[in-house]
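Contents: one structure, followed by commentary.
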Protein chains: 2
Amino acid sequence: MDGDTRDKIREVALELFSTRGFDQTSLREIAERVGLTKASLYYHYSSKQALLSAIVAPLVDGWQEVLDFASNQPHTPAAVRDVLARILDVMLDNRSLVGIFMRDPAGVVAAAESIWQDMIDMGNQLATWLAGPAPTTAEQLRAIAAMEVLGAALSASAYLKEEVSDEEMREVLLDSALGAMRL
Amino acid sequence: MDGDTRDKIREVALELFSTRGFDQTSLREIAERVGLTKASLYYHYSSKQALLSAIVAPLVDGWQEVLDFASNQPHTPAAVRDVLARILDVMLDNRSLVGIFMRDPAGVVAAAESIWQDMIDMGNQLATWLAGPAPTTAEQLRAIAAMEVLGAALSASAYLKEEVSDEEMREVLLDSALGAMRL
DNA sequence: GTCTATAGTGGGATAGAC
DNA sequence: GTCTATCCCACTATAGAC
């Protein structure tokens, strides 16, 4: 069974996409690292966009789960905390994957607008839930701000010199996000 | 005096870079909108990178000013608030410009690593000042989080349906950023 | 499944006439 | 200052042999 090669391609592509950016990564570069030629990649993935879709799936699924969970929750402070924690978990679990969207949003849009739209829509829905029912403008802004704080999970590793454990990151960022909402 | 054409090119490029992304915007596209040919652009700017540099200058300068100001301040809660407010002002004043860096970081890195490095360095220095002297890991994370909140100034306009006045944005985001630092 | 070879496209940049 | 014409290059993607 040669899901092996398919997986290897996916892994290498994920790493390059998230560090160099989607558009800045050529299929030649990926092929080289895997130990194949460009043409052989096309046997496994029908296009660069198809490769991106395969890579991105877990993140979309993860967020969808959080969204489903949130939809069935009343908007209490405890539930807000819980939902934020779950969003943070998904982000930490898919760190490099989120990096693709932060490094080269424009490239993703150009290659696969529908993928990007899915992410934006889910971000909107999560922020909407966080803002609560019939939110004021300020509450909406604070909800967006809280999600931005969670995004700091990723830039953080680039900014900080020392390694930070996932547990500390989880604890501090969750509290910080709640603080951004003044909760 | 034909600084007119130069300025027109700069304006059009700024708009396209910040909406489509740097790499995704071709010089042909810019030229078309200005009403010139690609070749004519090169009379005014020697390369695509030179065009980017010219556009980006005000933002770099603005942040540098904030940094100079911060360096001479003691790290008190009032000063932190003041510095955050100034950072926010620079961001609001250069909204579309910051958009370039958020839409296509990878493209900017590829085209002009030094520009990107300047931005990162300044972000680091501002975050370092915000974190205070001899900061714990948690304090560093919170400082980064606070800066991320200010970045929400930009994504906000994309997420929200209604227009938000700059004054409300300033007020809410500043308080939210302070909240992220638990101040 | 992997290769070599190549088609086809679009980008940045230059030469030289006007 | 602006044009037309062109160069050169890198990329995605395909054709067809092995």
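In what follows, chains are A, B, ... by sequence order, proteins preceding strands, each numbered from 1.
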Please table the atom pairs, donor to acceptor, closer than 3.5 Å between any side-chain atom in residues 79-92 of chain B and protein atoms at least two apart or in another chain.
residue, atom, partner, partner atom, Å
D82(B), OD1, R86(B), NE, 3.3
D89(B), OD1, R170(B), NH1, 2.2

Given [options], identify the nucleotide with an atom nearest to the side chain of [X].
X: K48(B); options: dT2(D), dA13(C), dT12(D); result: dA13(C)
X: T37(B); options: dG1(D), dA13(C), dT4(D); result: dT4(D)
X: A39(A); options: dT12(D), dC3(C), dG12(C); result: dC3(C)
X: Y42(A); options: dG1(C), dA13(D), dG11(C); result: dA13(D)
X: L27(B); options: dA13(D), dG12(C), dG1(C); result: dG12(C)

Which comes earlier along DNA chain D counting from the 5' end, the contact point of S46(A) or that of R28(A), where each point is its nearest nucleotide?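 Its nearest nucleotide lies further toward 5', so the answer is R28(A).
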Rounded to the nearest angstrom, tell me the gap between atom [atom1] in [X] and atom [atom2] in [N].
X: K38(A); N: dA7(C); atom1: NZ; atom2: P; answer: 14 Å
X: L41(B); N: dG1(D); atom1: CG; atom2: P; answer: 14 Å
X: F17(A); N: dC11(D); atom1: CZ; atom2: P; answer: 13 Å
X: E32(B); N: dT2(D); atom1: CD; atom2: P; answer: 16 Å
X: Q24(B); N: dT12(D); atom1: CD; atom2: P; answer: 13 Å
X: Y43(A); N: dA15(D); atom1: OH; atom2: P; answer: 17 Å
X: L36(A); N: dT12(D); atom1: CG; atom2: C1'; answer: 17 Å
X: K8(A); N: dG1(C); atom1: NZ; atom2: P; answer: 16 Å

Whether the side chain of E139(A) engages the backbone of T136(A) through a donor-acceptor N/O pair (distance < 3.5 Å, no angle test) should be reported.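 Checked: pair present.
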So, are K38(B) and E32(B) salt-bridged, with charged N and O less than 4.0 Å apart?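 Salt bridge absent between K38(B) and E32(B).
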Pairs touching residues 15-63 of chain B that satisfy ring pair (Phe, Tyr, Trp, His ring centres under 6.0 Å), sequence neighbours left out: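 Qualifying pairs, neighbours excluded: F17(B)-F22(B).
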So, Q64(A) and D118(A): side-chain donor and acceptor under 3.5 Å apart, yes or no?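 The criterion, which ignores hydrogens and geometry beyond distance, is not satisfied for D118(A) and Q64(A).
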Would you tell me if any nitrogen or oxygen in the side chain of S40(A) comes within less than 4.0 Å of OP1 or OP2 on dG1(C)?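 Negative; the distance criterion is not met.
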Closer than 4.0 Å, any side-chain N/O of S26(A) to the OP1 or OP2 of dA10(D)? no
